[in-house]
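So that we are looking at the same thing, I have put the structure below in structure tokens.
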Amino acid sequence: MINNIIIPVAVLAVLGFIFAAILGLVSKKFYVEKSVKEQEVRNALPGANCGACGFPGCDGLATAIANGEAPVDGCAIGGKATADAVASVMGVEAAGGDDRLVAVVKCDGNCDAAKDQFQYSGLEDCRAQISLFGGKKACNYGCIGCGTCEKVCPFDAIHVKNGVAIVDREKCVACGKCVAACPKKIISLVPFKQKQVVICSSHDKGKDARTKCSNSCIGCTICAKTYPEAFKMDNFLSKEVWGNDFDPELLKQAADKCPNKCIEIFE
């Protein structure tokens, strides 16, 4: 009886030792030594392994940079500091200045403002809900609110609150995963220094837009008339002009005059 237990255990132990030895020999034979430069580039990268750069993690990007196959500012989340550090390793200068981006959800259609056209009970995924007549919200441009963007964000920088996704600007590193995941395409990457953002994506005419969501842009043109250098109209929707040299007082005036308060001003 004891032999029936000991023998199989012993066989498994011997086989384990043999396989471990074989794996060790194979790993030594096929080991590819990293260059010093590649290792230094890898040390300069943040180590998030988010894949936003388009390579398989920081190791993949480090190899590509060291081989001249990717730019020194290829890390999407590291910003200027990381680009400068990598450039120093590579013996070059990083192009550009402090051009950090941040994600913005162009919708303020929360549960208090946006009307629903049906009750949804199913998989909590925006891509699944959109297959049902474009989603439950009456506004065809609005945030669905199932949190697909929240689930894909590796930095805990976006969360659904009261039925609409909101970005934590300090945590966001502009990796772009939320932008790619949003089926409504209402998440954009804008310059962090951008002061004014229109948080609506509806191109419906005023009456229709207001009927569906009380926070929507109604295309009244007041903001564009108040500060035409900072806002422009596009098919019944106000859009911010990109830049960081706008007059704060005029921006505030335009935002205050917006009847549905769909212009957000960042400090």
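These numbers come from the heavy atoms of this one structure, side chains and all, not from hydrogens, waters or symmetry mates.
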- Task: Output yes when a side-chain donor or acceptor of K161 lies under 3.5 Å from a complementary backbone atom of I166, and no otherwise.
- Result: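 Such a contact is absent between K161 side chain and I166 backbone.
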
- Message: Go through it in stages, so that I can follow the logic: the residues are E240 and K106, the test is salt bridge (Lys or Arg N to Asp or Glu O under 4.0 Å), and I'd like the CA-CA distance, side-chain angles, deciding distance and then a yes or no.
- Response: CA-CA 11 Å; E240 68 279 353; K106 305 295 288 292; 3.3 Å; yes

- Distance from C126 atom SG to K151 atom NZ, nearest 0.5 Å?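 Separation between the atoms: 7.0 Å.
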
- Does C217 reach the side chain of C262, with side-chain heavy atoms less than 4.5 Å apart?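 Yes - at least one pair of side-chain heavy atoms lies under 4.5 Å apart.
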
- Item | N67 side-chain N/O to E69 backbone N/O, donor-acceptor pair under 3.5 Å |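 Answer holds: no.
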
- Judged by atom type as modelled, is there a donor-acceptor pair below 3.5 Å linking the side chain of N260 to the main-chain atoms of S216?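 Here the side-chain-to-backbone pair exists.
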
- Query: Closest approach of L61 and A70, non-hydrogen atoms and distance?
  - Reply: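 Closest approach of L61 to A70, heavy atoms only: CD1-CB, 4.0 Å.
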
- Query: For the side chain of T63 and the backbone of D59, is there at least one donor-acceptor N/O pair under 3.5 Å apart?
  - Reply: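 Here the side-chain-to-backbone pair exists.
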
- Query: Are K212 and D208 close enough, and set up right, to give a salt bridge (Lys or Arg N to Asp or Glu O under 4.0 Å), and what steps lead you there?
  - Reply: CA-CA 6 Å; K212 296 172 182 176; D208 291 337; 5.9 Å; no

- Item | Nearest-0.5 Å distance, CD1 of residue I158 to SG of residue C182 |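 So the CD1 of I158 and the SG of C182 are separated by 8.0 Å.
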
- Query: Can you tell me if Q196 uses its side chain to pair, donor with acceptor, with the backbone of A230 under 3.5 Å?
  - Reply: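 It does hold such a pair.
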
- List the atom of G135, the atom of F118, and the distance in Å for their closest heavy-atom pair.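 Reported closest heavy-atom pair: O-CE2, 3.4 Å.
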
- Side-chain contact, heavy-atom cut-off 4.5 Å: T148 with E124?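 No; the side chains remain at least 4.5 Å from each other.
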
- Spatial distance of atom CG (L189) from atom SG (C178) [nearest 0.5 Å]: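 Between atom CG of L189 and atom SG of C178 there are 6.5 Å.
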
- Approximate separation, where rounding is to 0.5 Å, of F155 CZ and C172 SG: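 Those atoms lie 9.0 Å apart.
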
- With no hydrogens and no angle check, is any side-chain donor or acceptor of S202 less than 3.5 Å from a backbone partner on D204?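 Checked: pair present.
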
- Would you check, one step at a time, whether the test side-chain contact (heavy atoms from CB on, under 4.5 Å) holds for V167 with V105? CA-CA 7 Å; V167 176; V105 179; 3.9 Å; yes

- Task: Check whether any side-chain heavy atom of C107 sits under 4.5 Å from a side-chain heavy atom of Y141, and report yes or no.
- Result: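 The answer is no; the side chains never approach within 4.5 Å.
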
- Query: Between the side chains of Q39 and N43, is a donor N or O closer than 3.5 angstrom to an acceptor N or O?
  - Reply: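 N43 and Q39 do have a side-chain donor-acceptor pair below 3.5 Å.
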
- Task: Start with the C-alpha gap between N244 and Q194, add the side-chain angles, then the distance that decides, and say whether side-chain contact (heavy atoms from CB on, under 4.5 Å) holds.
- Result: CA-CA 6 Å; N244 56 14; Q194 178 75 24; over 6 Å; no

- Item | Nearest non-hydrogen partners of G142 and I186, listed with the distance |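 That closest heavy-atom pairing would be C-CD1, 3.9 Å.
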
- Query: Is the shortest heavy-atom distance from the side chain of C213 to the side chain of K115 under 4.5 Å?
  - Reply: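 With C-beta onward as the side chain, the pair stays apart.
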
- Item | More than 12 heavy atoms from other groups under 6.0 Å of NZ on K232 |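 No, NZ of K232 has 12 or fewer neighbouring heavy atoms, counting only those of other groups under 6.0 Å.
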
- Which atom of P46 lies closest to which atom of T82, heavy atoms considered: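 Shortest heavy-atom separation between P46 and T82 comes out as CD-CG2, 4.1 Å.
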
- Query: Heavy atoms, side chains only, cut-off 4.5 Å: are C153 and H159 in contact?
  - Reply: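 No, too far: nothing below the 4.5 Å cut-off.
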
- Message: Could you check whether atom NZ of K225 has more than 12 heavy atoms from other residues, nucleotides or ligands sitting under 6.0 Å from it?
- Response: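 No, because the 6.0 Å sphere around NZ of K225 holds 12 heavy atoms or fewer from other groups.
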
- Task: Measure from the side-chain N and O atoms of E229 to the backbone N and O of V241, and report whether any donor-acceptor pair falls under 3.5 Å.
- Result: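 Checked: no pair found.
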
- Query: Within the distance-only criterion (no hydrogens, no angle test), does the side chain of K136 pair as donor or acceptor with the backbone N or O of Q129 below 3.5 angstrom?
  - Reply: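 Here the side-chain-to-backbone pair does not exist.
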
- Query: What about F55 and M90, same hydrophobic cluster or not, with Ile/Leu/Val/Met/Phe/Trp/Tyr joined at side-chain heavy-atom distances under 4.5 Å?
  - Reply: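 F55 and M90: one cluster.
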
- Query: Would K137 and D116 count as a salt bridge (Lys or Arg N to Asp or Glu O under 4.0 Å) if you check the C-alpha gap in whole Å, the side-chain angles of each, and the deciding distance to 0.1 Å?
  - Reply: CA-CA 4 Å; K137 287 187 177 178; D116 290 341; over 6 Å; no

- Task: Mark yes when over 12 heavy atoms from residues, nucleotides or ligands other than K185 sit less than 6.0 Å from its NZ; otherwise mark no.
- Result: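 Yes, NZ of K185 has more than 12 neighbouring heavy atoms, counting only those of other groups under 6.0 Å.
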
- Query: When rounded to the nearest 0.5 angstrom, what is the spacing between NE2 in H203 and CZ in F236?
  - Reply: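 Result: 10.5 Å between the selected atoms.
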
- Task: Examine distances only and state if a side-chain atom of N215 and a backbone atom of A113 form a donor-acceptor pair shorter than 3.5 Å.
- Result: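 Checking the backbone N and O of A113 against the side chain of N215, no donor-acceptor pair under 3.5 Å is found.
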
- Query: Can F231 be reached from W242 by stepping across I, L, V, M, F, W or Y side chains whose heavy atoms are under 4.5 Å apart?
  - Reply: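 No.
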
- Item | Steps toward side-chain contact (heavy atoms from CB on, under 4.5 Å) verdict (I263, I199) | CA-CA 6 Å; I263 298 175; I199 47 176; over 6 Å; no

- Task: Kindly give the heavy-atom pair with the smallest separation between V198 and S238, and that separation in Å.
- Result: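 V198 and S238 have their closest heavy atoms at CG1-O, 3.3 Å.
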
- Query: Looking at side-chain heavy atoms only, is the closest gap between V102 and V190 below 4.5 Å?
  - Reply: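 Result yes, sub-4.5 Å side-chain heavy-atom pair found.
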
- Message: Could you measure the distance from the CD1 atom of I222 to the CG atom of D256? Nearest 0.5 Å is fine.
- Response: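 Answer for the CD1-CG pair, I222 versus D256, is 12.0 Å.
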
- Are I265 and L250 co-members of a hydrophobic cluster defined by side-chain heavy atoms under 4.5 Å apart?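 Looking at the clustering, I265 is in the same group as L250.
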
- Task: Using a 4.5 Å cut-off on heavy atoms from C-beta on, say whether the side chain of V92 contacts that of V72.
- Result: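 The answer is yes; the side chains approach within 4.5 Å.
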
- Message: Closer than 3.5 angstrom, by distance alone: can the side chain of R169 be matched with the main-chain N or O of F192 as a donor-acceptor pair?
- Response: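 Yes; at least one donor-acceptor contact below 3.5 Å.
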
- Item | Nearest non-hydrogen partners of P154 and C50, listed with the distance |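 Looking at all heavy atoms of both residues, the shortest contact is CG-CB, 4.2 Å.
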
- Item | side-chain contact (heavy atoms from CB on, under 4.5 Å) evaluation trace for I65 with V86 | CA-CA 9 Å; I65 292 175; V86 174; 3.8 Å; yes

- Does the pair Q253 and T226 meet the rule for a side-chain hydrogen bond (donor to acceptor under 3.5 Å, both in side chains), with working shown? CA-CA 7 Å; Q253 287 179 30; T226 301; over 6 Å; no

